[in-house]
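Not measured: the values here are computed from a predicted model. Residue numbering restarts at 1 for every chain, and letters A, B, ... go by the order of the sequence lines. Computation of the quantities below employed the complete heavy-atom set of this structure, encompassing side-chain atoms and omitting hydrogens, waters and symmetry-equivalent molecules.
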Number of protein chains: 2
Amino acid sequence: MSAPTISDVAKSAGVGKTSVSRFLNGETAALSPPLRARIENAIASLNYRPNQMARGLKRGRTRLVGVLLADLQNPFSVALIQGIEAACRECGLMPMICNAGNEVELENRFLDLLRTYRAEGLLVNPVGLPESALRNVVEGDIPVVLMDRKVEGIACDSVGLDNVSASKMLVTHLAASGFQSVAFVSEAWSSISSRRERESAVLAEARLNGMSVSSLVVDREDEQSIARIIDQMRESATRVRTALVAANGQTMLALALELARRRDVGLPGSDAPVAYRGADAPLGRLGLASFDDPDWAAMMTPGITTLRQPTFDIGARALYLLNDRLDTHAQAVREKASGRGNAASSPADTPRNMSFEAELIVRSSTHAAFALAG
Amino acid sequence: MSAPTISDVAKSAGVGKTSVSRFLNGETAALSPPLRARIENAIASLNYRPNQMARGLKRGRTRLVGVLLADLQNPFSVALIQGIEAACRECGLMPMICNAGNEVELENRFLDLLRTYRAEGLLVNPVGLPESALRNVVEGDIPVVLMDRKVEGIACDSVGLDNVSASKMLVTHLAASGFQSVAFVSEAWSSISSRRERESAVLAEARLNGMSVSSLVVDREDEQSIARIIDQMRESATRVRTALVAANGQTMLALALELARRRDVGLPGSDAPVAYRGADAPLGRLGLASFDDPDWAAMMTPGITTLRQPTFDIGARALYLLNDRLDTHAQAVREKASGRGNAASSPADTPRNMSFEAELIVRSSTHAAFALAG
DNA sequence: TTGTAAGCGTTATCAT
DNA sequence: ATGATAACGCTTACAA
């Protein structure tokens, strides 16, 4: 009827619960072969699965890790999950995936739920707003690893892209391709650390290369705002060779499609004719590059130059870091419980920040395929 | 140190655990206002959260629902999740989201994990392979609702698109737009029920309309295979007006980008010139439509005609169906446990299959913008 | 209105 | 080498 318990198995095998438990936990050394066999049979015939809830209750370890993502619609999040799930399998952990849909309220709700289910640790790609309850969680005693974004005043492990190095790579390429001006394009939410890091790094590096710079904000939902940006940049492009740098894949898509749609401006790699102000405008083309390398970047015509993030590795590494903490954390708790608690704070309590190198993928959208007329 | 328990709260408030428990479960009627206040304070000051594991163990209800998806990379899956999460919030359930990455082995592994964590029910978008252990789960006593795909020989609730009605709508539109031939394009895995349903419905309906039909298989990873399809269809298009119908959004993207890339064939809505066999080919354009309405369908130039699925509602409804079963199921278990088990199988044990209507979104990719020369 | 005690399925401790 | 028994944190009769 209801799910069989360890007692059912014990009864059916004619042994004590303890032995069954030992079998389940691989303490095979302390079990005689005949017993082992009987238990194995009983388990199989009853189709028994140990109750992880009860296990967790007793052991104090649920093997659950909360994975809280700002926005599952972003392919970046999905890519992270691949790495996390693979790493979880290795470590015998179970990810509990939650999508905050860019709402702090939901983020907080899930944070609560995850605590309630006694997740042993959290992997968070935070929405990045100050109202977040994340702060309290980190200050509590459950380990947290931040992914992609850091949060002001929260000190914990984090994994992300080396935005400075990536920006250098990209801007160097743009300069070498003859671009003289760089415009960084992102969505409104500039409280997000990675977006800010990318912006300042790109602009700084561009200035170092003697390029003129600007920073623009779009609203992906609002076609008008995108058209306006393009208008503005098309204007600039009549004077200097200009490249747009999108802060992420979704912004890039919006820009690329608008560029493809229009007739008065285009991308370098495109062979569609550009008609703008008649003869005096060989500069009706805007370069385009982007952080993130979504599927469609390669498929588009022309292909879009991107900085590919090792998303799988970022996710996996985040989990490894967490798993680390889990072990030392459990140990610390055990020690304190047994009375010989050390007043000095945990040994390696300092946050570890890992960053990964991006890979620059050059495609035609930044080709130096056009010459300056003037 | 470790998380506070209900006893800690009771002690801190100077009351019995029972009262705290009552407070937690909203049995506020049986609590004097002063007691209530003291408990509330204690909970707040200790930052206490009830342990859901222990709760579930005692009550036999974990409030966990497993959500097992064939492929999280498919935006359709993500869209489903939105609906599921919203509905879960309403019903006080916690979704455990798992991604099988199109691997039966992973699917089975997660099925096991979900049983182990005592998920009360499962929402499954199955990989659709016969080796799946899904069968055993459905035959066990935990309720399952299938999403989008049914599985041969598994009788349980399901929610999906009304593929026949959707196909009719689309084909009728194509016929009215002057297309004389329809080619259904999908990826290899034809063991997937929805893909098969769509194929047969589209082809049948097209025949009814006196159109010639064909069915093609592509491998999204393999550019060659896509190019080959297009070659083939371009050929056909010189004779009759031909429309491609993609089985899902990802197939559509591959086709649209290949069409945009090429010069010898194009889409109706596009104003790019098409050069094919000189003068005798006004038919160098292929119509294109697709099941699924991903973000990019509207943004592309030209826009792609699609059948939009009410994904949010599908996900939400799936959860409601499950929640239903959860209640009646729990009741049944309770009755059996109390000895007066009814030998006759559960009352409403017959599978319910809900289907939703698609919305046809006509865009330029199927415009009758070209005339037959011959 | 409030508290006491038993038990959910498991593991850890201690006997045997 | 094996098993009885007491927790883990919570809910729920039942008692007061």
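Scanning DNA chain D 5' to 3' for nucleotides with an atom closer than 4.0 angstrom to a non-hydrogen atom of chain A gives a first and last hit of D/dA1 to D/dG9.
Remark: P of C/dG7 and CD1 of A/I6 are 19 Å apart, rounded to the nearest angstrom. Distance A/N25 CG to C/dG9 P: 17 Å, rounded to the nearest Å. Atom CG in B/L31 sits about 6 Å away from atom P in C/dT2, given to the nearest Å. Remark: C1' of C/dG9 and CZ of A/R55 are 11 Å apart, rounded to the nearest angstrom. Taking atom CZ of residue B/R38 and atom C1' of nucleotide C/dT2, one finds them 11 Å apart after rounding to whole Å. For the pair A/K58 NZ and C/dG7 P, the computed distance is 18 Å after rounding to whole Å.
For the residue pair B/Q73/B/N99, the side-chain donor-acceptor check at 3.5 Å is not satisfied.
A donor-acceptor pair is defined here as one N or O able to donate and one able to accept, closer than 3.5 Å; such a pair exists between the side chain of A/N108 and the backbone of A/A133. B/E85 places no side-chain N or O within donor-acceptor distance of the main-chain N or O of B/P95, the cut-off being under 3.5 Å. Distance alone, capped at 3.5 Å, is enough to place a donor-acceptor pair between the B/T62 side chain and the B/R118 backbone.
With sequence neighbours left out, A/R135 forms a side-chain hydrogen bond (donor to acceptor under 3.5 Å, both in side chains) with no residue at all. Under the side-chain hydrogen bond (donor to acceptor under 3.5 Å, both in side chains) criterion, A/S132 pairs with A/E107, not counting sequence neighbours. Applying the side-chain contact (heavy atoms from CB on, under 4.5 Å) criterion to A/A155, with sequence neighbours excluded, gives A/P351. Remark: A/D324 pairs with A/R352 by the side-chain contact (heavy atoms from CB on, under 4.5 Å) rule, at least two apart or across chains.
In the helix from C/dT1-D/dA16 to C/dT16-D/dA1, the rotation axis of the first five pairs and that of the last five pairs differ in direction by 40°, rounded to 10 degrees.
Of the two residues near DNA chain C, B/S19 and A/R59, the one whose nearest nucleotide lies more 5' is B/S19. Place B/L57 and B/E27 on DNA chain D by their nearest nucleotides, and B/L57 ends up nearer the 5' end. Residue order along DNA chain C, read from the 5' end via each residue's closest nucleotide, puts B/P34 first among B/P34 and B/R118.
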Pairs of donor and acceptor atoms involving the side chains of residues 37-47 of chain B, under 3.5 Å and at least two apart or interchain, shall be tabulated with distances.
unit_1	atom_1	unit_2	atom_2	d
B/R38	NE	B/A13	O	3.2
B/R38	NH2	B/A13	O	3.1
B/R38	NH2	B/G14	O	3.2
B/S45	OG	B/A42	O	3.2
B/N47	OD1	A/R115	NH1	3.3

Please list, one pair per line, the donor and acceptor atoms closer than 3.5 Å that link side chains of residues 122-131 of chain B to other protein atoms, with sequence neighbours excluded.
unit_1	atom_1	unit_2	atom_2	d
B/N125	ND2	B/M147	O	3.0

Which atom pairs, donor and acceptor, lie under 3.5 Å between side-chain atoms of residues 312-320 of chain B and protein residues at least two apart or in another chain?
unit_1	atom_1	unit_2	atom_2	d
B/Y320	OH	B/E90	OE1	3.1
B/Y320	OH	B/E90	OE2	2.9

Between the protein and nucleotides 13-16 of chain C, which nitrogen or oxygen pairs are less than 3.5 angstrom apart?
none

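You'll find the side chain of A/L146 stays beyond 4.5 Å of the side chain of A/V159, heavy atoms only. Side chains of A/M354 and A/V145 form no contact here, defined as non-hydrogen atoms less than 4.5 Å apart.
Applying the salt bridge (Lys or Arg N to Asp or Glu O under 4.0 Å) test to every pair with at least one member in residues 19-31 of chain B, sequence neighbours left out, gives these pairs: B/R22-B/E27.
Near-neighbour residues of DNA chain D inside residues 39-52 of chain A, defined by a heavy atom below 4.0 Å, are absent.
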